[in-house]
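We name chains A, B, ... by the order of the sequence lines, and we start the count at 1 in each one. Note that the structure is predicted; figures quoted are calculated from it, not measured.
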Protein chains: 2
Amino acid sequence: MEVKLPTFNSVFSIDCVIFGFEAGELKILLIERNEEPFKDWLALPGYIVEQDESIDDAAERILYELTGLRDLHMQQFHTFGEVNRHPQGRVITVAYYALIRINGQKEVKPVTQYAKNAFWHPVNDLPKLAFDHSEIFETGFNKIRRRLNYQPIAFELLPEKFTLTQLQSLYEAVLNKKLDKRNFRKKMLSYGFLKELDEKQKGVSYRAAKLYKFDRRKYTKIFQNDLNLDK
Amino acid sequence: MEVKLPTFNSVFSIDCVIFGFEAGELKILLIERNEEPFKDWLALPGYIVEQDESIDDAAERILYELTGLRDLHMQQFHTFGEVNRHPQGRVITVAYYALIRINGQKEVKPVTQYAKNAFWHPVNDLPKLAFDHSEIFETGFNKIRRRLNYQPIAFELLPEKFTLTQLQSLYEAVLNKKLDKRNFRKKMLSYGFLKELDEKQKGVSYRAAKLYKFDRRKYTKIFQNDLNLDK
DNA sequence: ATATAGTGTGTCAAATTTACACCATTAAAT
DNA sequence: ATTTAATGGTGTAAATTTGACACACTATAT
C-alpha cells in the first residue's frame with residue numbers, strides 16, 4: 001500500500017542543530033521522524049517555513065513544535081540547496097544552531113505529531129541521519145568550534161554556576177583536544193569576565209571546587225571591538 | 001499606466017557580492033536594474049534560482065548572466081529571509097561572495113536584459129542599494145574581513161605578480177586600518193608562502209619594488225590544520 | 001647632479017604562549 | 001582516627017610573537 005506524497009516545487013525549510021552539555025559530553029538534540037519521507041529515521045529538528053514568518057521566526061517556532069524548547073537564541077549558519085537533497089522535490093533548507101543548558105530544562109518532547117519523540121544524543125557517536133542532516137550537523141559543529149573563542153558559546157551550555165574544570169572539559173569536548181589546566185585557568189581568569197563566587201561545588205566526594213559565574217556585560221565589552229560575526 | 005507584476009509565493013534567489021581591487025581601492029560589482037521592482041536602481045547582481053539547479057550552480061549562472069564573469073569561486077555566506085524583504089512576495093535570498101582580479105579581466109557586461117549594465121564601485125562610497133542589498137553587502141564585507149587572515153582572500157584579489165606594498169595596501173583596505181610596514185613584511189614572509197621573483201615592478205618613476213607570487217600549495221599546507229570554514 | 005618618491009631593512013622591549021609538578025582539601029573507606 | 005582516593009589549586013622560566021620605531025638605498029625625471 002503506497003501513499004502518494006505531495007511534490008514540492010519550491011519550499012524553504014529550517015533545520016536546527018541544538019547543542020547541549022551534560023555529564024561531560026557534548027550532545028545534540030535529535031528527533032525520531034513520524035512522517036514520510038524518512039519516517040522512523042533520526043533527524044535534526046526541522047520543518048517547513050510558512051509564508052508569513054521570517055526564517056528566524058520559523059526557526060524558533062519549528063524548534064518549539066518539535067522539542068518543546070522555547071526562546072533559544074538561534075544562529076543561522078548555512079543554507080543547503082542541492083537539487084536532490086529532498087526526495088519529494090525542491091526543498092532548500094536554512095540551518096541554525098543554538099546552545100542550551102540541558103540540566104534545569106524540563107524534558108524535551110514534541111508538541112506536534114511530526115516527531116515521535118526528541119532526545120539528546122552525544123555528538124561523538126551519531127548514527128546516520130535523515131536527508132543530508134549528517135552534513136548539516138558537521139557544518140554546524142565546525143561553526144561553533146571556530147567561534148568558541150570569541151562568542152560566549154561555552155557559557156550558554158554550562159549551568160549558571162560552574163567550576164573551572166567544567167569549563168575546561170567543555171572546551172576540550174568542543175575542540176576535541178586536551179588543554180593544560182594551569183594555562184587554561186590563567187587565560188580564562190585574565191579576561192576578567194568570570195566572577196568568583198563564595199560558593200563551592202556540592203555533592204562531590206573530594207575537595208569541592210569554587211564556583212564561578214559568567215559576566216556577560218564584561219564579556220561583551222571585551223569582544224565588541226572584534227568584528228561582529230552574527231551573520 | 002501600471003503594469004501588474006507577478007506575485008511570488010515561495011521563491012529562492014541568489015545575490016552576489018563580488019570584490020575586486022583596483023587602484024589601491026577595494027570595489028564591488030553593481031548592476032543597474034532593468035526590471036521592476038527597483039527598476040533603474042543600483043543593486044547587487046542577483047536573480048531567481050531555477051528548479052533544476054543547486055544554489056551553488058545558480059550563483060555561478062546568475063553572476064555570468066548579469067556580469068559576463070565566469071568560473072569564480074563563489075562562497076555562500078548568509079541567507080536573508082525577512083517576510084517583506086521583496087515587494088513582490090516571499091523571496092528568500094542566499095548571498096554569496098567571490099573575489100576577482102579586476103585587471104586582466106575583460107570588461108564586465110550583462111549577458112541578459114535584466115541588467116542595463118554592470119560596473120565596479122568602491123566599497124567606501126556606496127549609494128543606497130535596492131532591496132536589502134546594503135545589508136547583504138555589509139554582512140559579506142564583514143565575512144571577508146574576518147577571513148582575511150586564514151583564507152587566501154588577498155591573493156585572489158591581487159594580480160598574479162604583486163609587490164609587498166600592494167599586498168599591504170589591500171590588507172589595509174579590507175581591515176580599514178594602517179599597518180606597520182616592517183612588521184607586515186616580516187610576518188608575511190615568515191609564513192613562507194610568498195615566492196620572491198627575479199622580476200621587478202615596471203613603469204614607476206622611482207625605485208622599483210620586487211615582485212612576489214603566491215604559492216597556494218604551501219598556503220594550503222599551512223592552513224589545512226585550521227578548521228575548515230568553507231561552510 | 002639633484003630632487004623625488006617609494007623600497008627595504010634590524011633591534012629591542014613588551015606581551016603572550018607554552019611546558020611542567022606538587023601540595024591542599026574533602027569525603028569515603030578502613 | 002587514620003588512610004586512601006580523587007580532584008582542586010597554584011608559579012616560574014623559556015620560547016615565541018607582537019609592536020614600536022628611523023634611515024639609507026635606488027630608480028627615474030628634470
* How would nucleotides 6-16 of chain C be written as a contact map, 5' to 3', with B for base contact, S for sugar-phosphate-only contact and - for no contact, using protein heavy atoms under 4.0 Å? -> BBBBBB-----
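- Ring pair F193(A)/F155(A): centre-to-centre distance below 6.0 Å.
- Other residues, nucleotides and ligands place no more than 12 heavy atoms under 6.0 Å from the CD atom of E160(B).
- Only one option out of I28(B), L30(B), I100(B) pairs with I18(B) in a side-chain contact (heavy atoms from CB on, under 4.5 Å); it is I100(B).
- A donor-acceptor pair shorter than 3.5 Å can be found between the side chains of D56(A) and Y96(A).
- Once you apply a 4.0 Å limit to the heavy atoms of chain A, the touched nucleotides of DNA chain D run 5' to 3' over dA6(D) to dT12(D).
- Using a 30° and 60° split on the angle between ring planes, F19(A) and F141(A) fall in the tilted class, from 30° to 60°.
- For D40(B), the side-chain contact (heavy atoms from CB on, under 4.5 Å) test picks out K116(B), with sequence neighbours left out.
- Between the side chains of R185(A) and S190(A), no donor-acceptor pair is found at a separation under 3.5 Å.
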